[in-house]
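What you are looking at is a predicted structure, and each value in this text was computed from that prediction instead of being measured.
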Amino acid sequence: MLSNYKYLIFDVDDTLLSFYAAFQKAQKEMAQKQGISYSEEYCRLDEKCGWRAWKESGLEDTNEPDIRENYHTYYYQYIKKHYFYLAQELGIEIDADELAGCYISSISSSKEPMEQETLAVYRALSKKYRLVLATNGIATIQKPRISEFIPFTYKTYISEEVGHIKPSKEFFDAMLQNLGCEANDCLMIGDSLTNDIIGAKEAGMDVCYYNVKKRMFKDGVDVDYEINSIVKLLEIL
């Protein structure tokens with residue numbers, strides 16, 4: 001059916017682009033940079049150090065006021081901590097700042113879509129709607145990654161540039177004000193129940209939960225649509 005939406009707002013990581021693919025690419029390049037053999041053992045150790053740094057940085061809790069205010073500063077700190085801990089585990093000396101820079105460079109060059117049809121569906125939808133990208137993250141990482149979507153995109157909102165992160169009301173309000181539209185003109189499409197679905201719902205938007213991983217979610221989470229494949233959007237819209 002043809003909807004009355006004017007804007008389709010897409011999350012990026014794990015909605016349009018695979019962050020896991022980007023992380024795997026970075027793992028390989030970082031192992032090479034450190035002169036370490038890329039193996040299952042290295043990957044397990046790297047992921048353990050990454051999760052330790054992530055949890056210590058508190059970045060998972062985007063509802064925490066301190067995280068919302070300092071998210072991007074903590075994100076840079078998380079990357080450096082990750083490789084500091086990895087070097088400790090490996091018993092090697094490294095320049096954490098240099099490795100963090102290499103990691104950012106590697107991640108930013110990864111453009112693997114979540115599904116083979118993702119870009120084609122996005123391009124098709126751009127003929128009927130104004131498409132918007134709304135992502136948490138660092139601008140120097142996200143801008144190169146979304147380059148293939150930009151020709152079909154009306155506007156892009158990256159949290160570091162907006163000055164607020166999803167799911168904050170400030171992020172969604174700033175986006176709506178800049179677009180010059182009402183919340184009911186928009187459909188938010190994303191994989192994160194917290195950052196995308198609940199955040200957009202609280203802003204007054206309709207939402208489409210991109211549940212390609214077929215996660216169970218708690219009762220009380222209000223979704224207007226749920227899809228497990230990007231092509232399903234063409235049926236909804």
Side-chain angles (χ1 to χ4, degrees), residues 3-17 19 54-78 114 122 125 129-143 145-146 149-150 153-213 215-227 233 236-237:
S3 75
N4 293 320
Y5 303 120
K6 297 176 183 176
Y7 300 91
L8 304 183
I9 303 174
F10 286 84
D11 172 52
V12 173
D13 286 310
D14 292 337
T15 300
L16 296 179
L17 297 176
F19 185 79
W54 182 262
K55 289 175 182 177
E56 287 181 5
S57 299
L59 292 166
E60 188 69 24
D61 190 1
T62 49
N63 283 315
E64 175 63 36
D66 180 54
I67 298 301
R68 289 190 178 189
E69 184 176 351
N70 299 290
Y71 181 90
H72 306 98
T73 298
Y74 292 162
Y75 193 91
Y76 282 114
Q77 292 175 356
Y78 143 72
M114 280 296 290
Y122 191 86
L125 290 170
Y129 305 92
R130 287 180 170 178
L131 305 188
V132 175
L133 299 178
T135 177
N136 283 346
I138 306 301
T140 53
I141 293 176
Q142 297 298 68
K143 284 184 175 181
R145 298 186 69 225
I146 60 176
F149 293 87
I150 291 300
T153 300
Y154 179 64
K155 286 195 176 182
T156 298
Y157 300 93
I158 300 173
S159 62
E160 186 179 36
E161 295 181 332
V162 174
H164 303 283
I165 64 169
K166 297 182 295 179
S168 72
K169 184 177 185 297
E170 290 84 358
F171 181 96
F172 286 95
D173 284 351
M175 181 167 58
L176 288 171
Q177 183 177 3
N178 186 263
L179 288 171
C181 70
E182 300 297 325
N184 59 13
D185 292 327
C186 305
L187 177 69
M188 177 78 210
I189 301 143
D191 73 297
S192 171
L193 286 171
T194 299
N195 295 342
D196 303 319
I197 303 307
I198 294 175
K201 264 297 179 185
E202 289 180 349
M205 297 180 186
D206 282 0
V207 297
C208 177
Y209 181 34
Y210 177 66
N211 193 11
V212 69
K213 297 178 182 177
R215 297 187 179 104
M216 299 293 292
F217 56 97
K218 296 178 181 178
D219 293 338
V221 178
D222 185 16
V223 302
D224 299 285
Y225 310 98
E226 181 182 358
I227 58 173
L233 277 178
I236 294 171
L237 300 168

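Under the salt bridge (Lys or Arg N to Asp or Glu O under 4.0 Å) criterion, Lys143 pairs with Glu161, not counting sequence neighbours. When the side-chain hydrogen bond (donor to acceptor under 3.5 Å, both in side chains) test is applied to Arg145, the partners found at least two apart in sequence or on another chain are Asp13, Gln142. Residues passing the side-chain hydrogen bond (donor to acceptor under 3.5 Å, both in side chains) test with Glu226, sequence neighbours excluded: Asn211. Ser192 meets the side chain to side chain contact (heavy atoms under 4.5 Å, CB included) test with Thr194, Asn195, Asp196; sequence neighbours excluded. Contacts of Lys55 classified as salt bridge (Lys or Arg N to Asp or Glu O under 4.0 Å), with partners at least two apart in sequence or in another chain: none. Taking Tyr7 as the reference, Arg130 meet the side-chain hydrogen bond (donor to acceptor under 3.5 Å, both in side chains) condition, with sequence neighbours excluded. Residues satisfying the salt bridge (Lys or Arg N to Asp or Glu O under 4.0 Å) test with Asp14, not counting sequence neighbours, are Lys213. Not counting sequence neighbours, the partners of Val212 by the side chain to side chain contact (heavy atoms under 4.5 Å, CB included) test are Met114, Glu115, Tyr210. Here Tyr75 pairs with nothing under the side-chain hydrogen bond (donor to acceptor under 3.5 Å, both in side chains) rule; sequence neighbours left out.
Residues in residues 163-209 take part in these ring pair (Phe, Tyr, Trp, His ring centres under 6.0 Å) pairs, two or more places apart or across chains: Tyr209-Phe217. Sorted by first and then second residue, the salt bridge (Lys or Arg N to Asp or Glu O under 4.0 Å) pairs involving residues 60-74 (not counting sequence neighbours) form an empty list.
Side-chain contact between Val12 and Phe149 is absent, with no heavy-atom pair separated by less than 4.5 Å. Side chains of Phe10 and Leu233 form a contact here, defined as non-hydrogen atoms less than 4.5 Å apart. Taking the side chain as every heavy atom from C-beta outward, Ile9 and Tyr157 never approach each other to under 4.5 Å.
The minimum heavy-atom distance linking Met188 with Asp11 is given by the pair CE-N, 3.7 Å. Across Glu160 and Thr140, no two heavy atoms sit closer than the pair OE1-N, 4.5 Å. The two residues Val207 and Asp222 make their nearest non-hydrogen contact at CG2-O, 3.6 Å. Shown here for Val223 and Ile197, the closest heavy-atom pair between the two residues is CG1-CG2, 3.7 Å. Ala174 approaches Val162 most closely through the heavy-atom pair CB-CG1, 4.1 Å. Shown here for Ile67 and Ser57, the closest heavy-atom pair between the two residues is CD1-O, 3.5 Å.
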In a table with atom names and distances, give each donor-acceptor pair under 3.5 Å that connects a side chain of residues 180-187 to protein atoms at least two apart or in another chain.
from, atom 1, to, atom 2, distance (Å)
Asp185, OD2, Glu182, N, 3.0

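The main-chain N or O of Ile158 is never found under 3.5 Å from a side-chain atom of Thr135 such that the two would form a donor-acceptor pair. No donor-acceptor distance shorter than 3.5 angstrom exists from the side chain of Thr156 to the backbone of Leu133, with no hydrogens or angles considered. Of the possible donor and acceptor atoms, one in the side chain of Tyr129 sits under 3.5 Å from a partner among the backbone N and O of Leu237. Checked by atom type and distance alone, the side chain of Lys166 pairs as donor or acceptor with a backbone atom of Ala134 at under 3.5 Å.
Surrounding NZ of Lys169 are at most 12 heavy atoms belonging to other residues, nucleotides or ligands under 6.0 Å away.
Asp206 and Tyr5 form a side-chain donor-acceptor contact under 3.5 Å, judged by distance and modelled atom types alone.
Here the straight-line distance linking atom CD1 of Ile146 with atom CD1 of Ile141 works out to 12.5 Å at 0.5 Å rounding. Here the straight-line distance linking atom CD of Glu202 with atom OG of Ser168 works out to 10.5 Å at 0.5 Å rounding. Interatomic distance, CD1 of Ile189 versus CG of Leu8, reported as 5.0 Å (0.5 Å rounding). Atoms CG and CG, from Leu176 and Leu179 in turn, are 6.5 Å apart once rounded to the nearest 0.5 Å.
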